[in-house]
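Proteins come first, then strands; the chains are lettered A, B, ... in the order of their sequence lines, and each starts at number 1.
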Amino acid sequence: MALKIFNTLGGQKETFEPLTPGRVHMYVCGVTVYDSAHLGHCRFLITFDVIYRYLRFLGFDVNYVRNFTDVDDKIIKRANEENASCEAITERYIGEFHQDSGALGLLAPTIEPRATAHIAEIVEMIKRLEAQGLAYRVDGDVFFSVAGFGDYGKLSRKNIDELEAGARVEVDERKRSPLDFALWKSSKPGEPTWESPWGHGRPGWHIECSAMSTKYLGQPFDIHGGGRDLIFPHHENEIAQSEGAYGRPLARFWLHNGFLNINQEKMSKSLGNFFTIREILDDFDPAALRHYFLSSHYRSPMDFSKDGLNEAARATDRIIETLDRVNYWAGYGAPVVADPAVIESFRAEMDDDFNTPRALALIFDEVRSLNRLLDGKKSKGIEERGAALGAICDTLGLLRDGYADRKKQRFLKKTNITIEQIKEFIDLRDQARAAKNWQEADRIRDQLAANGIVLEDTVQGTMWKVK
RNA sequence: GGCGGCGUACCCAAGUGGUUAAGGGAGAGGUCUGCAAAACCUCGAUGCAGCGGUUCGAAUCCGCUCGCCGCCUCCA
């Protein structure tokens, strides 16, 4: 049994073995902090959170680095619009990002480096590239010379000549080739700026990832990830910089997640067709959102819809209900060993390029089996299989703890109904039921149902839940 | 123009050469229940965009056609 991962570099699944036995070094390109994170970001965050969790589940000690791009044209633009400092903007959105991450149940990376805290390393790397003859200065800017790096295009499988022919970018005439990109930009008055051998300026976008990944993970490291759109030019440029500077590979496995579309179009800031993470979490549980993303393979494109998210929410309810039943049945007593056969099946699915849709199918097979056992009042293996199911959910990061409470809280927040009122209705109905006044009991229940509250008569009494 | 991807039941979505095409949601019938809810059971694509081809055998490989999308520019 071995983990196989689809490697963009090479375009096929390859057996994964870390360079250092037992330790995985992983870098994922994070976000530019100039605005609230949206569902598209959510997908890449959850994708790599699951990969991180699964690698840990396999027993690897994972060094997971995910950066913040906190110096960039968009940040400067935003700061100017708000008449605020860039620091104020980036601090605000890094704070928001951490709130969203917490709400989504994302495991914190080992380190979250910021570009502005690594200017020295960036300058050092550019100097190295200059020494290698791969960089050239024009006025106060420094560009990378693509012509000097023979492997350029190997990740995105692009041919330099065709790229030049197809380029419809406004070409900076000072560049030797239209594909050359900025390593260092001279800064205009009012922009963030640092001292450098080339005068005052700031780093280009791509160089920060090269500098920071090398600093924290060495070179080469095991896994480099990000969204599909980063393949070209961002990751291609990172490779050119890092491999050009050090003469050895940057990363061994390159993973890219598919896009989240909406109405067949890419969800993006520029198109304005996005939902922010926080607005979706007002209406949906983070576990449901995660379930929704996991129901599709991470490399496939997805078309977002609230209907789809609602379906995922109902499916999540089903898993949670079963886990609750198991917990009730078993109590929260002594921990048991998770059923090894179930865990093994989970591994088999996930080892195949993190096939979460199949892992979910396994979860539902287990849900059905467990419910059948619980219905039959048979005890054989319930605790072990329940423990396995719980472990699988945890490895996927489905936030099962507090699920029912969160659902109730969202409901109570959106309506003016209080728990006390609901309990009063339940008491009234219980009295009617005790008197076998079924008509009145049903009337109360129907009334609550009309308000989105479902009652369940159980041996422990009447429970309520949100529809 | 170049490169890459997709099209599987009402909806979402696995499967990429070999017994009956996973799983979820919705739907229908049933068991349980005072009635419900939940759960469980049963049903549901002789077919995988279309047409050809390769093969003993294809949703899976090849070719063509149709439809859709992404990257080539900041973007997860």
State which residues pass ring pair (Phe, Tyr, Trp, His ring centres under 6.0 Å) with A:Phe97; sequence neighbours excluded, sorted by chain then number.
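Checked A:Phe97 against ring pair (Phe, Tyr, Trp, His ring centres under 6.0 Å); matches are A:Phe68.
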What pairs with A:Phe411 under ring pair (Phe, Tyr, Trp, His ring centres under 6.0 Å), at least two apart in sequence or on another chain?
none
Would you please name every residue forming a ring pair (Phe, Tyr, Trp, His ring centres under 6.0 Å) with A:His235, sequence neighbours left out?
A:His224, A:Trp254, A:His256
Got a list of protein N/O to nucleotides 37-39 of chain B N/O distances below 3.5 Å?
{"unit_1": "B:rA39", "atom_1": "O3'", "unit_2": "A:Asn371", "atom_2": "ND2", "d": "3.0"}
{"unit_1": "B:rA39", "atom_1": "O2'", "unit_2": "A:Arg325", "atom_2": "NH1", "d": "3.4"}
{"unit_1": "B:rA39", "atom_1": "O2'", "unit_2": "A:Asp375", "atom_2": "OD1", "d": "3.2"}
{"unit_1": "B:rA39", "atom_1": "O2'", "unit_2": "A:Asp375", "atom_2": "OD2", "d": "2.4"}

Nearest-Å distance, CG (A:Leu260) to P (B:rC69)?
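Going from A:Leu260 (CG) to B:rC69 (P), I get 16 Å.
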Footprint string (nucleotides 6-14 of chain B, 5' to 3'): B base within contact, S backbone only, - free, heavy atoms under 4.0 Å:
-----B-SS
Strand RNA chain B as a dot-bracket string - pairs counted if Watson-Crick or G-U with both distances under 3.5 Å, | where the partner lies in another strand:
((((((((.[[[..)..(....]]].(((((.......))))).....[[[[[..)....]]]]])))))))....
With sequence neighbours left out, which residue pairs that include part of residues 446-461 of chain A fulfil the salt bridge (charged side-chain N to carboxylate O under 4.0 Å, His left out) condition?
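Pairs touching residues 446-461 of chain A that pass the test: A:Arg429-A:Asp457, A:Arg433-A:Asp457, A:Glu456-A:Lys465.
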Could you work out, with side-chain hydrogen bond (donor to acceptor under 3.5 Å, both in side chains) as the rule, every residue matching A:Glu311, not counting sequence neighbours?
none
Could you tell me which residues satisfy salt bridge (charged side-chain N to carboxylate O under 4.0 Å, His left out) with A:Lys408, sequence neighbours excluded, listed by chain and number?
none
Considering only heavy side-chain atoms of A:Asp442, the closest of B:rG24, B:rC35, B:rA76 is B:rC35
Take the protein atom CZ of A:Arg299 and the nucleotide atom C1' of B:rG4, then report the distance between them rounded to whole Å.
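Value for this atom pair: 12 Å.
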Report the distance from atom NE2 of A:His235 to atom P of B:rG4, rounded to the nearest whole Å.
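About 20 Å, once rounded to whole Å.
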Whole angstrom is fine here: how far is it from CG in A:Leu398 over to P in B:rG24?
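About 15 Å, once rounded to whole Å.
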Non-hydrogen atoms of A:Thr69 and A:Ile75 that approach each other most closely
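Heavy atoms of A:Thr69 and A:Ile75 come nearest at O-CD1, 3.6 Å.
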Return whichever of A:Arg429 or A:Gly258 has its heavy-atom-nearest nucleotide of RNA chain B closer to the 5' end.
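Mapping each residue to its closest nucleotide by heavy atoms, the 5'-most match is A:Arg429.
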Is the aromatic ring centre of A:Phe259 closer than 5.5 Å to the centre of the six-membered base ring of B:rG70, with the two planes inclined by less than 30°?
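Whether judged by distance or by angle, A:Phe259 falls short somewhere, so it does not stack on the base of B:rG70.
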Listed partners of A:Asp222 passing salt bridge (charged side-chain N to carboxylate O under 4.0 Å, His left out), at least two apart:
A:Arg252
A:Glu440: which residues meet the salt bridge (charged side-chain N to carboxylate O under 4.0 Å, His left out) condition with it, sequence neighbours left out?
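Listed in chain order: A:Arg443.
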Minimum heavy-atom distance between A:Lys13 and A:Asp353, given as atom pair plus value:
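So the minimum-distance heavy-atom pair works out to CE-CB, 4.1 Å.
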Salt bridge (charged side-chain N to carboxylate O under 4.0 Å, His left out) against A:Asp442, all qualifying residues, sequence neighbours excluded:
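With sequence neighbours excluded, A:Asp442 shows a salt bridge (charged side-chain N to carboxylate O under 4.0 Å, His left out) to A:Arg445, given in chain and number order.
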Between B:rG23, B:rA36, B:rC69, which nucleotide gets closest to the side-chain atoms of A:Asn261?
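Among B:rG23, B:rA36, B:rC69, the one nearest the side chain of A:Asn261 is B:rC69.
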